Amino acid sequence: MYLFLTILTMSTALLRAQEVKKNSFGINLGMGSLKKQDMIFSPFIVKDWSPLNVLLEYGHTGKVDQKVSLRFGQYSDYTGEPFSYYARGIEYEKLPHSTSNIDLNYSITKSVFHTNKWKISAGGRYRNRFQMTNFEFGHAGQFSYNLSYGLDALINLGYQSGKHTIQSEIALPIFSFLARSPYTSQDDAYLERIMVHGDLKIFAEHLKSATFQSWNTSKMVDLDLSYNYALNEKWDLGVTYLFAMNLHNTPLPYTSFENVIYIGTTLKF
């Protein structure tokens, strides 16, 4: 009887140990830096450090690995010294330039090399990258948009030893569709697009104006490095570094470099 109970207990523990969590959901908060120049609006460089960075990720592991990620970053910057101005006899403080970066991506990869500790996967990613800036010049301001969507090639390298996991991932564009603010910031087509009512409708109209881009005219690179420590079967703690580069040259040069360090937790289920 005791032998039977011992075997049953060991068998149950073994089955639990072999159970593989196929889904995960991660919440990450980060500190980031942005350096950006949009020659349509100004030769000045907008730059800022900001703690307003959030990364949400959902992953599913199976015959192929799938991941949906949503990233948000908010930055602000003064060009020169802050100043006040008068409008209709009332004094106002100049607001800083503000930039919002939003990424919504879906990736699918398949293992091409796998050992007990190493795993190399390759695949693709559907990318949506929206970068919007409100330039404040005191009495007046201008709205800048850089909206990109397309397909990326993706390579992921992973190493796992015990409770420790290290991963590196790089994404490069295969092709893109890019919508940017027009030269001189406003033209007839722009004014027609903003005649619709509602911010979401205006956003959709801007997206419709996107044109096909190749690597020659639209260069983007995403590189991230992450380390995760397994607290138990369900929870991980991790640190992720992200480098995002955006270089576009139509109708005028646009340059953006972003570096973010995230700290977060992941639930496996």
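Everything numeric here is computed off the predicted structure, so don't read it as measured data. Computed from heavy atoms alone, side chains included, the values below leave out hydrogens, waters and symmetry copies.
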(message) Side-chain heavy atoms nearer than 4.5 Å, only ILVMFWY residues, links allowed to pass through others: does that put Y241 and L29 together?
(response) no

(message) Check this for me, if you would: do D38 and R180 make a salt bridge, where the nitrogen-to-carboxylate-oxygen distance has to be below 4.0 angstrom?
(response) yes

(message) Considering only residues two or more places apart or on different chains, which pairs with a residue in residues 45-56 satisfy side chain to side chain donor-acceptor pair (under 3.5 Å)?
(response) N53-Y75

(message) With salt bridge (Lys or Arg N to Asp or Glu O under 4.0 Å) as the rule and sequence neighbours excluded, what pairs involving residues 104-118 come up?
(response) none

(request) Considering only Ile, Leu, Val, Met, Phe, Trp and Tyr, and joining two whenever side-chain heavy atoms are under 4.5 Å apart, list the other residues clustered with L154. (result) none

(message) Any heavy-atom pair between the side chains of V260 and F243 that's under 4.5 Å?
(response) no

(message) Is there a side chain to side chain contact (heavy atoms under 4.5 Å, CB included) between L223 and S168? Walk through the geometry before answering.
(response) CA-CA 7 Å; L223 171 66; S168 174; 4.1 Å; yes

(message) Are the side chains of M132 and F143 in contact, using a 4.5 Å heavy-atom criterion?
(response) yes

(request) Check whether any side-chain heavy atom of F41 lies under 4.5 Å from a side-chain heavy atom of S181, and answer yes or no. (result) yes

(message) Within the structure provided, determine whether I45 and K36 are in side-chain contact (heavy-atom separation under 4.5 Å).
(response) no

(message) Would you say the rings of F25 and Y58 are close, in the sense that their centroids are separated by under 6.0 Å?
(response) no

(request) Find out if a path of hydrophobic residues (ILVMFWY) with successive side-chain heavy-atom gaps under 4.5 Å connects I102 to L55. (result) no

(message) Check this for me, if you would: do E169 and K67 make a salt bridge, where the nitrogen-to-carboxylate-oxygen distance has to be below 4.0 angstrom?
(response) yes

(request) Return the minimal non-hydrogen interatomic distance between H206 and A179, and the atom names on each side. (result) O-CB, 3.3 Å

(message) Restricting to non-hydrogen atoms, name the atom on M39 and the atom on L252 that form the minimum distance, rounded to 0.1 Å.
(response) O-CD1, 3.7 Å

(request) Enter the distance from N101:CG to R71:CZ here, rounded to the nearest 0.5 Å. (result) 6.0 Å

(message) Just so I know, are the side chains of L191 and R193 near enough to count as touching, which here means a heavy-atom distance under 4.5 Å?
(response) no

(request) Report yes or no: do R129 and S176 form a side-chain donor-acceptor pair below 3.5 Å? (result) no

(message) Clusters formed by hydrophobic residues whose side-chain heavy atoms approach within less than 4.5 Å: which one holds L157, and what are its other members?
(response) V112, F113, W118, I120, Y159

(request) Compare all side-chain heavy atoms of D222 with those of I170 and state whether any distance is below 4.5 angstrom. (result) no

(request) Taking all non-hydrogen atoms of both residues into account, name the closest pair between L237 and L231 and its distance. (result) CG-CD1, 3.7 Å

(request) Test side chain to side chain contact (heavy atoms under 4.5 Å, CB included) on Y262 and V239 and set out the steps. (result) CA-CA 6 Å; Y262 297 98; V239 178; over 6 Å; no

(message) Minimum heavy-atom separation for A153 and I174, please, with both atom names.
(response) N-CG1, 3.7 Å

(request) Group every Ile, Leu, Val, Met, Phe, Trp and Tyr by side-chain heavy-atom contacts under 4.5 Å, then state whether F175 and I155 land in the same group. (result) no

(message) Strictly below 4.0 Å, N to O, side chains only: are R127 and D103 in salt-bridge contact?
(response) no

(request) For Y229, check ring pair (Phe, Tyr, Trp, His ring centres under 6.0 Å) against everything at least two apart and list the hits. (result) H164

(message) Is the shortest side-chain heavy-atom distance between L242 and E258 below 4.5 Å?
(response) no

(request) Keeping to residues at least two apart or across chains, list the ring-ring contact (aromatic ring centres under 6.0 Å, His included) pairs with something in residues 86-112. (result) Y85-Y92, H97-F135, H97-F137

(message) Could you tell me if the side chain of Q167 sits less than 4.5 Å from the side chain of Y227, heavy atoms only?
(response) no

(request) Grab the two heavy atoms, one from P251 and one from Y183, that are nearest each other, plus how far apart they are. (result) CG-N, 4.0 Å

(message) With a 4.5 Å cut-off on side-chain heavy-atom distances among I, L, V, M, F, W and Y, is there a chain of contacts connecting Y190 to L207?
(response) yes

(message) Between Y149 and F130 (judged by ring centroids, cut-off 6.0 Å), do the two rings come close enough to count as a pair?
(response) no

(request) List the atom of T61, the atom of D65, and the distance in Å for their closest heavy-atom pair. (result) CG2-OD1, 3.3 Å

(request) Tell me whether M31 is reachable from I27 by hopping between hydrophobic residues (I, L, V, M, F, W, Y) whose side-chain heavy atoms are closer than 4.5 Å. (result) no

